[in-house]
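Before any comments, here is the structure.
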Amino acid sequence: MLSGQNTKAIISTDVKAAAEYLRAGKLVALPTETVYGLGANALDEAAAANIFVAKARPAFDPLIIHQSSADRILRYAREVPAAAQKLADAFWPGPLTLVLPKQDVVPDLVSAGLKTVALRVPNHALTRSVLEQLDFPVAAPSANPFGFVSPTSAQHVADQLGERIDFILDGGQCEVGLESTIVGFTNGAPTVLRKGGLPIEDIESVLGGPVAVRTHGSSRPEAPGMLSRHYSPGNRIELFEAFAEEKNLPPNAAWITFGQGGPAVSVTAQSGATVYDLSPSGDLAEAAQQLFRVLRLMAKHQYDYVGVQLLPETGIGRAINDRLRRAAATE
Ligand code: TXA
Ligand code: MG
């Protein structure tokens, strides 16, 4: 079953088979509550190297490693500051990644030569069950080609990487829909390195004070998911504070809106633009779930122009706006 010529990934809910593929050093796409990951044995350099090839990911971009419990993942950290332990206790399993000094057993390839490693306990029953069966952690970036939108369903993974990987564990649609929030530590003090599925407000309330946010990178960013042009569906995208129907839009135009109260998809009377509302009722969690699916539709329909209404800059809305700004970035 593990051999043979794989030209197309198997899509299945069989957790035992997923574990078997991972033990054999193969790539397996795994569902998490945030997005689907492209997993491989994190302690096997050859297996992990395949991730970079399949995604066309630059070697300077380190991977997150995953395990089924805090105990099992924190053993890969050399030190755990008190604030990190607090966050692990409060939010794992969940959409939080901690960047901590790494143990030598973690290959340099996985951490891209950094002295730190990114650790996470995902909250998805199927993937936790796979992880429980393994005696190694699983390195998993989002299961998309480098620079593109992250996948939130097994079909999204199959559409883009189905020819390059062996097995996709189908865990349905991702509940959160945005990648984990990444927190690093300098002398024990936390800094948010990527806005994500865990609102910064929740982190601050557990730590009892404001945390620093440093999410902007350059050519060799500390957390390269921060490259400003990432999540790009390839359309011309313009950002607005409010939805305003334009008269002079190109014929093949779309809008992405929030909280407009109408149907999830509609067409404007004046310009005939297709309007996708991320959450007609104005629910930020629903908007997060829908975001990457809708960005994929922008790519699929190749709209010549996409107007985007930014969301309220609060809770998970901050991470959604971060992704929308990156999707719109031209360099
Ligand atoms: O929700 C998620 O985090 C998903 C699921 C699959 O777990 N994973 C994910 O992985 O988003 P990826 O590779 O797409 O993004 C990982 C981010 C990258 O921006 C990377 O630069 C950063 O984590 N990262 C990894 N190791 C790091 C380190 N040692 N220091 C700073 N940033 C790091
Ligand atoms: Mg990614």
Side-chain angles (χ1 to χ4, degrees), residues 27-40 42 48 51-52 54-67 73 76-78 91-103 106-124 127-128 130-131 137-152 156-157 160-161 169 171 174-186 190-198 214-218 220-228 230-232 288 292 316 319 322-323 326:
L27 297 180
V28 172
L30 295 165
T32 82
E33 80 282 30
T34 59
V35 300
Y36 275 70
L38 181 57
I51 292 176
F52 290 87
K55 278 187 61 113
R57 181 178 176 109
F60 65 71
D61 196 354
L63 307 176
I64 298 173
I65 72 176
H66 301 68
Q67 251 303 2
I73 197 66
Y76 298 100
R78 225 170 355 87
F91 298 118
W92 277 349
L96 168 71
T97 293
L98 298 176
V99 173
L100 296 172
K102 83 174 186 76
Q103 295 283 4
V106 178
D108 286 337
L109 178 89
V110 167
S111 64
L114 299 175
K115 292 197 160 43
T116 52
V117 62
L119 308 172
R120 169 160 130 76
V121 179
N123 189 14
H124 190 290
T127 289
R128 290 186 79 201
V130 171
L131 293 170
V138 169
S142 52
N144 51 278
F146 185 72
F148 195 68
V149 177
S150 300
T152 52
H156 290 169
V157 181
Q160 290 190 303
L161 295 179
L169 185 63
C174 298
E175 233 180 279
V176 174
L178 284 184
E179 301 86 345
S180 59
T181 301
I182 302 181
V183 181
F185 299 85
T186 313
T191 300
V192 172
L193 301 175
R194 176 176 73 186
K195 295 174 191 170
L198 180 65
R214 196 180 63 232
T215 61
H216 268 283
S218 54
R220 195 194 185 291
E222 264 177 274
M226 261 66 76
L227 288 170
S228 43
H230 212 88
Y231 305 100
S232 170
F292 289 153
I316 203 171
D322 170 85
R323 304 301 187 270
R326 291 176 202 281

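Read the numbers this way: they start at 1 and go in the same order the structure lists the ligands and their atoms. Position 1 is the first residue of the sequence; numbering continues from there.
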The one among Ile64, Val110, Leu98 that brings a heavy atom closest to atom 16 (C) of ligand 1: Ile64
Regarding ligand 1, does Arg194 bring an N or O atom to under 3.5 Å of one of the ligand's N or O atoms? yes
The atoms of ligand 1 lying under 4.0 Å from a heavy atom of Thr116, numbered in the order shown, are 28 (C), 29 (N), 30 (N)
Quick one: pull up CG in Leu198 and CG in Leu96 and give me the separation to the nearest 0.5 Å. 6.0 Å
Any donor-acceptor N or O pair under 3.5 Å, side chains Thr34, Arg120: yes
Evaluate whether atom CD of Glu175 has more than 12 neighbouring non-hydrogen atoms of other residues, nucleotides or ligands under 6.0 angstrom away. no
Please report the interatomic distance OG(Ser142) to CZ(Arg57), rounded to the nearest 0.5 Å. 6.5 Å
So which heavy atom on Ala140 is nearest to which on Gly39, and how close? CB-CA, 3.9 Å
Contact partition for Ser142 relative to ligand 1, non-hydrogen atoms under 4.0 Å: both
Tell me whether Tyr76 contacts the main-chain N or O of Leu100 through its side chain, where contact means a donor paired with an acceptor under 3.5 Å. no
When you compare ligand 1 with His66, is there at least one nitrogen or oxygen pair between them that comes in under 3.5 angstrom? yes
Which atoms from ligand 1 have a heavy atom of Leu114 less than 4.0 Å away? 28 (C), 29 (N), 30 (N)
Of the backbone and side-chain N, O or S atoms of Ser150, does one lie nearer to the Mg ion (ligand 2) than 2.8 Å? no
Answer yes or no: does an N/O atom from Ser180 fall short of 3.5 Å to an N/O atom of ligand 1? yes
Distance filter under 4.0 Å to Ala140 heavy atoms, resulting ligand 1 atoms: 6 (C), 8 (N), 10 (O)
Looking at Cys174 and Thr32, what are the two nearest heavy atoms and their distance? SG-O, 3.3 Å
Is the closest heavy-atom distance from Lys102 to ligand 1 below 4.0 Å? no
Given 3.5 Å as the limit, does a donor-acceptor pair link the side chain of Lys55 with the main chain of Asn144, or not? yes
Counting from 1, what ligand 1 atoms have a heavy atom of Glu179 closer than 4.0 Å? 1 (O), 2 (C), 11 (O)
Side-chain (Glu33) to main-chain (Asn123) donor-acceptor, under 3.5 angstrom: yes
Is the distance between the ring centroids of Phe292 and Tyr231 less than 6.0 Å? yes
So which of Val99, Thr34, Ile182 gets nearest to atom 17 (C) of ligand 1, if we judge by its closest heavy atom? Ile182
Region of Arg57 engaging ligand 1 - heavy atom pairs below 4.0 Å: side chain
Whether Pro122 lies under 4.0 Å from ligand 1, heavy atom: no
Which ligand 1 atoms, with their elements, are less than 4.0 angstrom from a heavy-atom of Gly37? 6 (C)
Checking side-chain polar atoms at under 3.5 Å, does Ser150 have a donor or acceptor matched by the opposite partner on Glu179? yes
Asp61, portion touching ligand 1 at heavy-atom distance under 4.0 Å: side chain
Report, in ascending order of atom number, the atoms of ligand 1 lying under 4.0 Å from any heavy atom of Ala118. 25 (C), 26 (N), 27 (C)
